[in-house]
Amino acid sequence: MSVAVAGFKSGAVFEQIKAGIESQSAADKQATIKKVNGVFEIVIKNADGKEQAWTLELKTAGAVSLGKPEGKADITINVGDDTFMELASGKLNGQKAFMSGKLKVKGNMMLATRLDTVLKVAKPVAAPAAAPAAAPAPAAAASTLASAALFNQIKARLSSASADEKSAVINKTKAVFQFDVKDKEGKVSTFTLDLKNKGELVDGAGAKPDITILVADKDFVDLASGKLNGQKAFMAGKIKVKGAIMLATKLDAVLKDLGSPKSKL
């Protein structure tokens with residue numbers, strides 16, 4: 001079940017944390033639970049003044065869910081959507097945010113000092129070496145791909161975007177991208193990014209693509225991280241293109257807008 005919520009930028013971060021936890025080995029998950037040892041209820045207020053709660057259960061099961069916890073939270077944190085995004089990106093320190101009044105805490109105050117640790121759980125999701133694991137329901141089907149986490153993140157960002165933000169991305173791009181990603185064994189997994197009509201990412205073939213891009217798993221991760229430039233990758237033969245070739249020049253911008261947790265739509 002997806003934990004992204006339309007109108008809340010933070011939804012993409014919780015989706016990322018969820019995928020990060022689910023991709024951990026049993027030993028790594030237990031280490032995270034032992035280090036944090038708490039149930040967090042995080043209540044986010046968006047720009048429209050609406051509130052949404054997420055639960056980070058890092059005391060026994062190691063899970064992320066929408067809404068309030070079934071039992072009692074050890075700590076409840078109230079924070080603005082933009083502030084939480086700054087915390088997640090590392091621009092703002094949890095303790096400093098608390099001291100400056102940017103986040104309010106009820107319950108076990110000491111757990112607030114572990115918020116930075118909790119947010120770091122999200123980082124392996126975008127890492128090329130992320131361990132394969134059973135994907136959550138909305139996640140990309142090809143969980144053995146390192147790039148699957150990036151497609152999950154793009155899907156979450158689009159799902160949590162407001163109607164205006166989604167329209168802006170569509171107007172900027174006006175294209176349907178089909179990505180055929182090849183893993184180490186040569187198996188190809190398809191993802192369709194519709195930034196022409198619906199503003200969504202689907203696993204497999206979707207709307208008729210304006211451009212189809214064949215790329216190796218590792219090369220796609222490098223493109224998303226900025227290590228590899230789209231045009232240079234095309235010239236070097238690392239990506240193969242069918243359709244409107246000029247749209248390949250927009251690939252870097254698309255990945256920058258949707259593939260980075262630090263970027264804004």
Side-chain angles (χ1 to χ4, degrees), residues 1-16 19 44 46-48 50 52 81-82 84-85 88-89 125-126 136-142 145 147-181 189-215 220-221 223-226 228-231 233-234 239-265:
M1 178 180 175
S2 174
V3 294
V5 178
F8 288 82
K9 301 173 186 176
S10 303
V13 176
F14 288 108
E15 191 80 14
Q16 198 177 3
I44 306 291
N46 69 8
D48 296 325
K50 295 181 180 179
Q52 173 64 50
D81 202 14
D82 288 338
F84 189 79
M85 293 300 291
S89 69
V125 180
L145 292 171
S147 55
L150 297 167
F151 286 110
N152 293 343
Q153 184 174 307
I154 291 171
K155 182 182 290 188
R157 287 179 69 76
L158 287 171
S159 296
S160 64
S162 67
D164 288 343
E165 289 173 332
K166 193 175 289 189
S167 292
V169 174
I170 289 173
N171 289 333
K172 182 179 179 180
T173 311
K174 296 180 181 179
V176 177
F177 290 77
Q178 178 175 307
F179 297 96
D180 292 334
V181 183
S189 297
T190 297
F191 305 87
T192 302
L193 179 60
D194 182 351
L195 295 178
K196 189 175 187 177
N197 303 300
K198 296 182 178 180
E200 65 177 11
L201 178 102
V202 297
D203 304 335
K208 183 179 178 180
D210 296 296
I211 181 172
T212 299
I213 297 173
L214 176 64
V215 60
F220 186 81
V221 172
L223 285 166
S225 67
L228 182 63
N229 175 271
Q231 294 185 51
F234 174 72
I239 62 174
K240 297 181 180 179
V241 176
K242 291 189 294 183
I245 295 178
M246 288 304 295
L247 285 173
T249 62
K250 295 186 178 183
L251 183 58
D252 289 324
V254 169
L255 293 176
K256 183 178 180 181
D257 286 343
L258 299 175
S260 171
K262 296 183 181 182
S263 64
K264 293 183 178 181
L265 291 180

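Residue numbers count from 1 along this sequence.
Closest of all the heavy-atom pairs between Ser10 and Ile44 is OG-CG2, 3.8 Å. Closest heavy-atom contact between Gly7 and Asp81: O-OD2, 4.0 Å. Of all heavy-atom pairs between Thr190 and Ala205, the closest is CG2-N, 4.0 Å. Contact detail for Ala207 and Val176: the closest heavy-atom pair is O-CG1, 3.7 Å. Here the closest non-hydrogen pair linking Phe8 and Gln52 is CZ-CB, 3.6 Å.
The backbone N or O of Phe191 sits nowhere less than 3.5 Å from a side-chain atom of Asp203 that would complete a donor-acceptor pair. Remark: the backbone N or O of Val3 is paired with a side-chain donor or acceptor of Glu15 at under 3.5 angstrom. With Thr192 contributing its side chain and Gly204 its backbone, the two residues share a donor-acceptor pair below 3.5 Å. A donor-acceptor pair under 3.5 Å links the side-chain atoms of Ser2 to the main chain of Ala4, judged by distance alone.
For Ala244, the side-chain contact (heavy atoms from CB on, under 4.5 Å) partners are Leu247, not counting sequence neighbours. Applying the side-chain contact (heavy atoms from CB on, under 4.5 Å) test to Thr212 and every residue at least two apart in sequence or in another chain returns Gln178, Asp180, Pro209, Lys242. Residues forming a ring pair (Phe, Tyr, Trp, His ring centres under 6.0 Å) with Phe220 (at least two apart in sequence, or on another chain): Phe151, Phe179. Qualifying side-chain contact (heavy atoms from CB on, under 4.5 Å) partners for Lys240, counting only residues two or more places apart in sequence or in other chains: Leu214. Scored by the side chain to side chain donor-acceptor pair (under 3.5 Å) test, Asp194 finds no partners at all (sequence neighbours excluded). By the side chain to side chain donor-acceptor pair (under 3.5 Å) test, Asn46 is found to be paired with no residue, residues two or more places apart in sequence or in another chain being considered.
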Could you walk me through whether Glu200 and Val202 satisfy the side chain to side chain contact (heavy atoms under 4.5 Å, CB included) test, starting with their C-alpha distance in whole Å, then the side-chain angles of each, then the deciding distance to 0.1 Å, before giving a yes or no? CA-CA 7 Å; Glu200 65 177 11; Val202 297; 3.7 Å; yes
- Item | Derivation and outcome, side chain to side chain contact (heavy atoms under 4.5 Å, CB included), residues Lys9 and Ser160 | CA-CA 6 Å; Lys9 301 173 186 176; Ser160 64; 5.8 Å; no
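One finds the NZ atom of Lys174 at 11.0 Å from the CD1 atom of Ile170 (value rounded to the nearest 0.5 Å). With rounding to the nearest 0.5 Å, the separation of OG in Ser159 from CG in Asn152 is 10.5 Å. Lys166 NZ to Leu195 CG: the interatomic distance, rounded to the nearest 0.5 Å, is 10.0 Å.
Annotation: side chain of Leu158 is in contact with side chain of Leu193 (closest heavy-atom distance under 4.5 Å).
Taking the centre of each ring, Phe84 and Phe14 come in below the 6.0 Å mark.
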